[in-house]
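Here is the structure we will look at.
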Amino acid sequence: MSDPLVRARLEKIDALRAEGVDPFPARVPASERIDEVLRRHGNLAAEEHSGARAAVAGRLMARRQMGKASFLDLRDGSGKIQIHAAADRLGDAAYGRICDVDVGDFLHVVGEVFRTKRGELTVAAESFTFLAKAIRPLPEKWHGLKDVELRHRHRSLDLISNDESRATFVRRARMLSIVRRVLDERGFMEVETPILQPIPGGASARPFVTHHNVLDADLYLRIALELYLKRVLIGGIDRVYEISKCFRNEGISTEHNPEFTMLELYQAYADYGDMMSLVEDLVGTLFREIVGSTVVDYQGKQLDFTPPWRRVSMLGAIAEASGIDLSDRDVAAIRRRAKAKGVDLPEGPFPKLVDELFDRFVEPGLVQPTFITDYPVEISPLAKSKAGEEGLTERFELFVVGMEIANAFSELNDPVDQRKRFEDQERLRAGGDDEAQRIDEDFLFAMEHGMPPTGGMGVGLDRLTMLLSNSASIRDVILFPALRRKDEA
RNA sequence: GGGUCGUUAGCUCAGCCGGUUAGAGCACCUGACUUUUAAUCAGGGGGUCGCUGGUUCGAGUCCAGCACGACCCA
């Protein structure tokens, strides 16, 4: 490496070894978490000495040096504490060695805890041990790492230097923990189902393909959890969920990452109305416990997650937003009505028109949490038909700030109808729609043995994290988002 | 896929209408300093101006293409 900063530090490593100091020792003396030390001595008065020693270990984050004495900031995963190093306490030789430690290096320090006259809890170092050497400088101490590209490509540095980034991933972890707690309390059981699938089902999306050499068979990375979780439910685990990655071979944007984290849950003897209550409870709990309120700021907009949320049927929402009535499902008539409003609709069957009008007129206006209900059957091949409403299903999607957050149905449990729906999808596929779903005979075989009436739901946890952490991009809530390859020197 | 903007030291950023040897702060090195909080003071080193090509007497600066990223649109 020709970087002079790196070269200087590599020379320091040689110098340490020459003095008999291991720059990367295998064993670490016992230490306490920094937040524990701070908590224990929290009530020390300014300039008061505790008379008690503490041992801490962490990364050197800053140094303020004044000749024969220095203040050092040491940080571990729990917090930050100040170290006071003085030549008269450590001895000249040890003080010289601690002055050679670079910001970014790891240290173990033992000493008495006291509070400075400026009021900061501090360890008066009596001895220290070198724990690990850094050979590159950390990002700027005040501005941190701002460049968005560098923050995503070098997440370690982002986490070291940007507290907000760290806080976002702490929130994400709390969200996962609370989701599991709430579902476990309600009698749901967490399971794991295959990521590698012979038939990618449960959603309309393009899959990633891979190959199993020994089986000599193509396998797909799952696009949804649905069909395997339903097999488990049919098997009698009748409240079941999974939290895991799904994969869709599609575009990348501020709302889309090719691999993303889904929660899917299935509850027997329930329907989509129960799923609405469940997601209201779950999301309400998340905002209360993580943010402290169900009314939050998101990118300058005030969002109110206090249940109940607005419910509006899909065709009703389109009629309301565009003034175009779709209830007769007459494609030619709908296209004429749209034309009269100055809207040119593409050729295609009824669901395509619905999709187009929804994306154009409704979705961007769905800022507050809103349930869009009663989707056309053609685009809902796994949802139960709505009684008395020809062509519609018991389905909803939850939208917030124009993003789809959740998708739920009263699950189709009639195996004869399910087979017919798959066959309809197969015809679309034959007609060139490569997102259409495929017949899964093994899934049908399971359903033919009897499936209870069931409510099911999928929730996009990355997008939910965006809302919980006020993040503008999905890349801010995924530790290592998909990026184009860039060769670096 | 289209449009707009961006890419200068390890990091954060200036750099005017094309003109001398490309600047600052942090970080780093040297010196001073035993209660600092972005410590302070004095001095010093560090650059493939994203890449490739073009225009020009002369390009960080203008033009074209490419790469990566951000935002908007489809």
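Lettering of chains follows the sequences in order, A, B, ..., and the numbering in each one begins at 1.
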inquiry  = Please report the distance separating the P of B:rG65 from the corresponding atom of B:rG3, rounded so that it comes out in whole Å.
reply    = 10 Å
request  = Grab the CZ-P distance between A:R63 and B:rA38 for me, whole Å please.
outcome  = 17 Å
ask   = Only one of A:K141, A:R59, A:R64 clears salt bridge (Lys or Arg N to Asp or Glu O under 4.0 Å) with A:D73; which?
value = A:R64
request  = Would you sort out whether A:F371 and A:Y272 count as a ring-ring contact (aromatic ring centres under 6.0 Å, His included), showing the intermediate values?
outcome  = CA-CA 11 Å; A:F371 291 115; A:Y272 78 145; 9.4 Å; no
ask   = From B:rC33, B:rA70, B:rC13, pick the nucleotide closest to the side chain of A:K146?
value = B:rC13
query = Nearest nucleotide by nearest heavy atom, which residue falls closer to the 5' end of RNA chain B, A:D147 or A:R64?
reply = A:D147
ask   = What integer number of Å spans the P atoms of B:rG69 and B:rC29?
value = 35 Å
Base-pairing assignment for B:rA67 (Watson-Crick or G-U wobble, both under 3.5 Å) = B:rU7
query = Expressed in whole Å, how much space separates the C1' atoms belonging to B:rG58 and B:rA22?
reply = 16 Å
message = Can you tell me which nucleotide in B:rC68, B:rC28, B:rA70 comes closest to the side chain of A:R484?
response = B:rC68
message = Counting distance alone, no hydrogens or angles: does the base of B:rG25 have a donor or acceptor under 3.5 Å from a partner atom on the side chain of A:E140?
response = yes
ask   = How would you list, by chain and number, every residue that makes a side-chain hydrogen bond (donor to acceptor under 3.5 Å, both in side chains) with A:S322, sequence neighbours excluded?
value = none
request  = Decide whether a cation-pi geometry holds between A:R155 and A:F169; the criteria are a distance under 6.0 Å from NZ or CZ to the six-membered ring centre and an angle within 45° of the ring axis.
outcome  = no
request  = Indicate whether the side chain of A:R40 and that of A:S50 have a donor and an acceptor atom separated by less than 3.5 Å.
outcome  = no
request  = Would you kindly give the CG-to-P distance between A:D158 and B:rC11, to the nearest whole Å?
outcome  = 14 Å
key: N/O donor-acceptor pair, side chain A:T122 with base B:rU35, under 3.5 angstrom   = no
A:K12 NZ to B:rC29 P, straight-line distance once rounded to whole Å = 5 Å
key: Pairing partner (Watson-Crick or G-U wobble, both distances under 3.5 angstrom) of B:rG1   = B:rC73
key: Inter-nucleotide P distance (B:rU61, B:rG19), Å rounded   = 11 Å
message = Quick one about A:Y375 and A:D355 (side-chain donor to acceptor, distance below 3.5 Å, no hydrogens or angles considered), yes or no?
response = no
ask   = Nearest-Å distance, CZ (A:R89) to C1' (B:rU35)?
value = 11 Å
ask   = Paired with B:rU48: which nucleotide, if any, by Watson-Crick or G-U wobble criteria at under 3.5 Å for both distances?
value = none
ask   = In the structure shown, which nucleotide is the Watson-Crick or G-U wobble counterpart of B:rC33, with both distances under 3.5 Å?
value = none
remark   = Whichever of A:K68 and A:H143 has the more 5' nearest nucleotide on RNA chain B, that residue is A:H143
message = Within the 4.0 Å heavy-atom criterion, would you say A:T254 contacts the bases, only the backbone, or no part of the nucleic acid?
response = sugar-phosphate
inquiry  = Between A:D462 (side chain only) and A:T261 (backbone N and O only), is there a donor and an acceptor less than 3.5 Å apart?
reply    = yes
request  = Can you tell me, in whole Å, how much space there is between the C1' of B:rG47 and that of B:rA27?
outcome  = 16 Å
inquiry  = Whether A:R153 contacts B:rG69 is assessed here as follows: a side-chain N or O lying under 4.0 Å from the phosphate OP1 or OP2. Is that the case?
reply    = yes
Any-strand Watson-Crick or G-U partner of B:rG23, both distances under 3.5 Å = B:rC13
remark   = Of B:rU35, B:rU36, B:rA70, the nucleotide closest to the side chain of A:K117 is B:rU35
task = Could you tell me the separation between the CG atom of A:L72 and the P atom of B:rU37, rounded to a whole number of Å?
result = 15 Å
query = What integer distance in Å separates A:D3:CG from B:rC29:P?
reply = 13 Å
request  = Pick the P atom in B:rC13 and in B:rU7, then give their distance to the nearest Å.
outcome  = 11 Å
Interatomic distance where CZ belongs to A:F71 and C1' belongs to B:rU34 [whole Å] = 9 Å
ask   = Does the side chain of A:R118 get closer than 4.0 angstrom to OP1 or OP2 of B:rU35 through an N or O atom?
value = no
query = Taking any strand in view, what nucleotide pairs with B:rC62 in a Watson-Crick or G-U wobble way, both distances under 3.5 Å?
reply = B:rG54
query = How close or far is atom C1' of B:rC11 from atom CH2 of A:W142, stated in whole angstroms?
reply = 15 Å
task = Return yes if the base of B:rU36 and the side-chain atoms of A:Q82 contain a donor-acceptor N/O pair under 3.5 Å, otherwise no.
result = yes
query = In terms of side-chain heavy atoms of A:A69, which of B:rU37, B:rU34, B:rC13 is nearest?
reply = B:rU34
ask   = What distance, rounded to whole Å, do you find between the two P atoms, one in B:rU21 and one in B:rG60?
value = 11 Å
request  = Indicate, with a heavy-atom threshold strictly under 4.0 Å, whether A:R151 touches base, sugar-phosphate, or nothing.
outcome  = nothing
C1' atoms of B:rG23 and B:rG46, separation to the nearest Å = 13 Å
Heavy-atom side-chain contact between A:M276 and A:W309 under 4.5 Å = no
